[in-house]
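Encoded as C-alpha cells, the structure appears first; notes follow it.
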Amino acid sequence: EMAPAMLHAAAFHPGIQRIALIEPYSSYRSIVANRFYDVKLMYSVVPGALTAYDLPDLAASLAPRKILITGVTDGYGRHNNLEAMAKDTDVINKAYAQSNVSGALEIIPFTTAEKYKPYLMEWIK
C-alpha cells in the first residue's frame with residue numbers, strides 16, 4: 001500500500017536515489033479496472049490522478065535513478081494478471097531504455113518473500 005507514497009516522495013525529492021517496491025500494485029488503472037479491488041489500497045490512491053498521470057508514469061519519471069520492483073500485483077492483489085501488469089511495466093521499461101542506463105531498473109516477477117532477500121541485500125549496497 002505504501003508504494004505510491006514512495007513513488008511520489010522520490011518524484012519530488014531528488015535526494016532519494018534508489019527505491020525498492022515490494023509487491024506493489026501496478027497502477028491506479030489496475031484498481032479502476034477491477035470490479036472487486038482490494039479496498040485497503042484506497043488509502044494510497046490520489047483522487048483524480050488518472051486524468052493526469054498513473055503510477056507507471058511516476059516510476060518512469062525517476063529514470064535514471066535506481067528502482068527495484070518485485071512481485072507486481074493488480075488492484076485485487078493478484079500476481080497472475082500478467083497481461084494487464086505488462087502494460088504498466090512496459091511504460092517504465094521504455095523510459096529506462098530511453099535514458100540509456102543499464103542496471104538501474106530491475107523488475108522481478110512474483111516469488112516467495114525468502115527469494116527476495118538476495119535481491120534486497122544487493123540493492124541496499
Residue pair Asp88 / Ser27, side-chain donor-acceptor N/O under 3.5 Å: yes
Side chain to side chain, Asp38 and Ile31, heavy atoms closer than 4.5 Å: no
What closest approach, in Å, do Arg65 and Ala10 show between heavy atoms, and which atom pair accounts for it? NH1-O, 2.8 Å
Just wondering, do Lys66 and Val101 contact through their side chains at under 4.5 Å, heavy atoms? no
Establish whether Met6 and Tyr96 are linked, either directly or via other cluster members, by ILVMFWY side-chain heavy-atom contacts under 4.5 Å. yes
When you measure from the side chain of Asp54 to the backbone N and O of Asp57, does any donor-acceptor pair fall under 3.5 Å? no
Scanning both residues in full, the closest heavy-atom pair of Thr70 with Pro24 reads O-CD, 3.5 Å
Are Val32 and Val39 connected in the hydrophobic side-chain network, where two residues link if heavy atoms are under 4.5 Å apart? yes
Passes side chain to side chain donor-acceptor pair (under 3.5 Å), Ser30 versus Tyr37? Steps please. CA-CA 9 Å; Ser30 71; Tyr37 54 85; over 6 Å; no
For residues Ile67 and Ala59, report the shortest heavy-atom separation together with the two atoms involved. CD1-O, 3.6 Å
Answer yes if the side chains of Ser61 and Tyr53 hold a donor-acceptor pair under 3.5 Å, and no otherwise. no
Does the side chain of Leu62 reach to within under 4.5 Å of the side chain of Ile19, using non-hydrogen atoms? yes
Using the rule that Ile, Leu, Val, Met, Phe, Trp and Tyr join whenever any side-chain heavy atoms are under 4.5 Å apart, tell me whether Tyr28 and Tyr76 fall into a single cluster. no
Nearest-0.5 Å distance that lies between atom CG in Leu41 and atom OH in Tyr25: 5.5 Å
With a 4.5 Å cut-off on side-chain heavy-atom distances among I, L, V, M, F, W and Y, is there a chain of contacts connecting Met42 to Leu50? yes
Identify the two heavy atoms, one from Ala60 and one from Ala95, that lie closest to each other, and give their separation to 0.1 Å. CB-CB, 3.4 Å
Would a distance-only check, ignoring hydrogens and angles, find a side-chain to backbone donor-acceptor pair under 3.5 Å from His13 to Ala9? no
State plainly whether one hydrophobic cluster holds both Leu21 and Ile16, where clusters connect Ile, Leu, Val, Met, Phe, Trp and Tyr through side-chain heavy atoms under 4.5 angstrom apart. yes
Side-chain donor-acceptor pairs under 3.5 Å in residues 102-109, sequence neighbours left out?
none

Can you see which heavy atom on Pro56 is nearest to which on Ile92, and at what distance? O-CG1, 3.6 Å
Atom OG of Ser44 and atom NE2 of His8: how far apart are they, to the nearest 0.5 Å? 9.5 Å
Leu7 vs Leu55 side-chain heavy atoms within contact, under 4.5 Å: yes
